[in-house]
> 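Starting off with a structure, shown below.
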Amino acid sequence: MSRIFSSRSDVKRKAATGLVAAFLLCGCATIPEQVADISDVGRVAELDSTPFFPQKRYQCGPAALTTLLFDSGIDVSLETITGLTYIPGRQGSLQAELLSAARSYDRIPYQLDGKLAAIAAELKAGRPVLVLQNLGVRWYPRWHYAVVVGIDTETEKVILRSGTDRRRLTGIGTLLRTWQRGDYWGVVLLKPGELPANPDKQRFLRSVADVEASGRHRAAYSMWSAALEEWPGEPYALFGKANSAFQLGEFADAEQSYRQLLAQDPDFYAARNNLAYVLAEQGLIAAALDELRSLLEDIDEDDPLRAEYESSLRELLEQRDSTR
């Protein structure tokens, strides 16, 4: 059975990754440069209880991420996060390492839309925001990670946990300029089951798909469920929830989600493929084979995933024959 599970998992992950990525790639739009407009921000209370981890030289990334993780309930040391994210040869940390480390603690990094109002909304929800700044210029960058913990609209200042300063005050205009040079990269960390303050469906689903791809299936399951509460019947959230339940061994739950999705869209072939494996796991080999044979009758000969589904059929036929 372990051999079947391994192969099944590979087929499922290929189908899920390919479909979700194809659906979500169009969401990578360029955010226009903005001015220091605070009219849509409103009053923002400072998150004074946000912890502070003063950085060591070149280690602003680990310090900023540790701040967010600790604030979200993860008891972790700066030294541990530095070991996971710091790249000595680069004298710093890349965004990919920071995001991967966050996922390893079952936290879901969600990228904001690059507007001051988005930062304000997350602060109002009680979540500090990690931002990437370029304190230099485009042709001679000085990259720096900081954590936004407040916005004072009266003095037009942003309050940061930054470097060795627990409470650095920076003009809103300065923050926006340095943030713009960092391509407006900013993230919050969501706990499993949480939604961001103003969720963008495409961006949220992409964030959860990345968590699922990292193998954090329990956290991903909670996030797919949260997505379905926000967007009932969303097909990629249903597919993701079913896949996560499948990986967790909750086959009845997975079957229910696959069938709900297929009731909406019978031509969602990857779901039909994965449903066959769920049926097989529950001992319903004949029903699983019928599902795959029907799928192969419906799918085009030149479909790029047809070979995967043919492989699924051969695998389950072997499983059936080995149990006779």
Side-chain angles (χ1 to χ4, degrees), residues 24-47 50 60-61 64-69 71-72 93-103 105 107-135 143-153 157-162 170-211 223 226-227 230-231:
L24 298 173
L25 276 176
C26 60
C28 303
T30 300
I31 301 169
E33 186 170 358
Q34 53 183 305
V35 296
D37 181 7
I38 62 174
S39 61
D40 58 348
V41 170
R43 184 178 181 277
V44 183
E46 179 180 351
L47 302 179
T50 302
C60 58
L65 179 61
T66 304
T67 297
L68 262 65
L69 284 168
D71 183 79
S72 73
S93 301
L94 300 178
Q95 292 131 298
E97 276 68 35
L98 297 179
L99 299 181
S100 177
R103 296 184 193 108
Y105 287 94
R107 291 300 180 261
I108 295 81
Y110 175 79
Q111 187 169 348
L112 303 185
D113 67 4
K115 297 179 181 177
L116 186 65
I119 294 178
E122 293 300 331
L123 295 177
K124 291 174 184 177
R127 285 185 287 265
V129 180
L130 191 161
V131 296
L132 174 64
Q133 300 172 275
N134 177 1
L135 302 179
W143 302 112
H144 180 68
Y145 294 100
V147 177
V148 183
V149 298
I151 302 173
D152 188 334
T153 54
K157 299 288 186 182
V158 175
I159 306 161
L160 305 171
R161 300 278 188 270
S162 180
T170 299
I172 288 176
T174 299
L175 183 279
L176 291 177
R177 284 193 298 274
T178 58
W179 192 29
Q180 187 271 335
R181 296 181 201 133
D183 293 327
Y184 291 117
W185 190 85
V187 300
V188 293
L189 298 187
L190 304 172
K191 299 175 184 178
E194 278 188 342
L195 290 170
N198 296 309
D200 175 89
K201 182 169 71 171
Q202 201 169 44
R203 207 176 318 126
F204 183 78
L205 295 179
R206 184 167 58 239
S207 298
V208 184
D210 289 340
V211 171
M223 300 308 284
E230 182 73 10
W231 304 287

> Calculate, to the nearest 0.5 Å, the distance between atoms CD1 and CG belonging to I151 and L160 respectively.
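Between atom CD1 of I151 and atom CG of L160 there are 10.0 Å.
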> From Y110 OH over to L195 CG, what is the distance, rounded to the nearest 0.5 angstrom?
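Going from the OH atom of Y110 to the CG atom of L195 covers 9.5 Å.
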> Determine whether the side chains of R161 and T67 contain a donor N or O and an acceptor N or O closer than 3.5 Å.
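There is no such pair (donor and acceptor under 3.5 Å, judged by atom type) between the side chains of R161 and T67.
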> Determine, step by step, whether L123 and L47 satisfy the side-chain contact (heavy atoms from CB on, under 4.5 Å) criterion, reporting the C-alpha distance in whole Å, the side-chain angles of both residues, the deciding distance to 0.1 Å, and the verdict.
CA-CA 7 Å; L123 295 177; L47 302 179; 3.8 Å; yes
> Find the distance between CG (L99) and CH2 (W185) and round it off to the nearest 0.5 Å.
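Atom-to-atom, L99:CG and W185:CH2 are 5.0 Å apart.
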> Strictly distance-based, threshold 3.5 Å: is any side-chain N or O of S100 a donor or acceptor partner for the main-chain N or O of A96?
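No, the answer is negative, given that no donor and acceptor are paired below the 3.5 Å cut-off.
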> Please verify the inter-ring angle class for W179 with Y184; under 30° counts as parallel, over 60° as perpendicular, anything in between as tilted.
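The arrangement is perpendicular - the two ring planes meet at more than 60°.
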> For side-chain contact (heavy atoms from CB on, under 4.5 Å), just list the numbers for W143 and N134, CA-CA rounded to whole Å, side-chain angles, deciding distance to a tenth of an Å, and then say yes or no.
CA-CA 5 Å; W143 302 112; N134 177 1; 3.6 Å; yes
> Measure the spacing between CG of L130 and CG of L189 and express it to the nearest 0.5 Å.
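L130 CG to L189 CG: 7.5 Å, rounded to 0.5 Å.
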> Among V158, T170, L116, which one satisfies side chain to side chain contact (heavy atoms under 4.5 Å, CB included) with L176?
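Testing L176 for a side chain to side chain contact (heavy atoms under 4.5 Å, CB included) against V158, T170, L116 leaves exactly one candidate, L116.
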> Are any non-hydrogen side-chain atoms of P128 and E122 less than 4.5 angstrom apart?
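Result no, sub-4.5 Å side-chain heavy-atom pair not found.
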> Find out whether R127 and L68 are in side-chain contact, i.e. whether some heavy atom of one side chain is under 4.5 Å from a heavy atom of the other.
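No - every pair of side-chain heavy atoms lies 4.5 Å or more apart.
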> Apply salt bridge (Lys or Arg N to Asp or Glu O under 4.0 Å) to D210 and list each qualifying residue two or more places apart in sequence or on a separate chain.
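So D210 forms a salt bridge (Lys or Arg N to Asp or Glu O under 4.0 Å) with R103.
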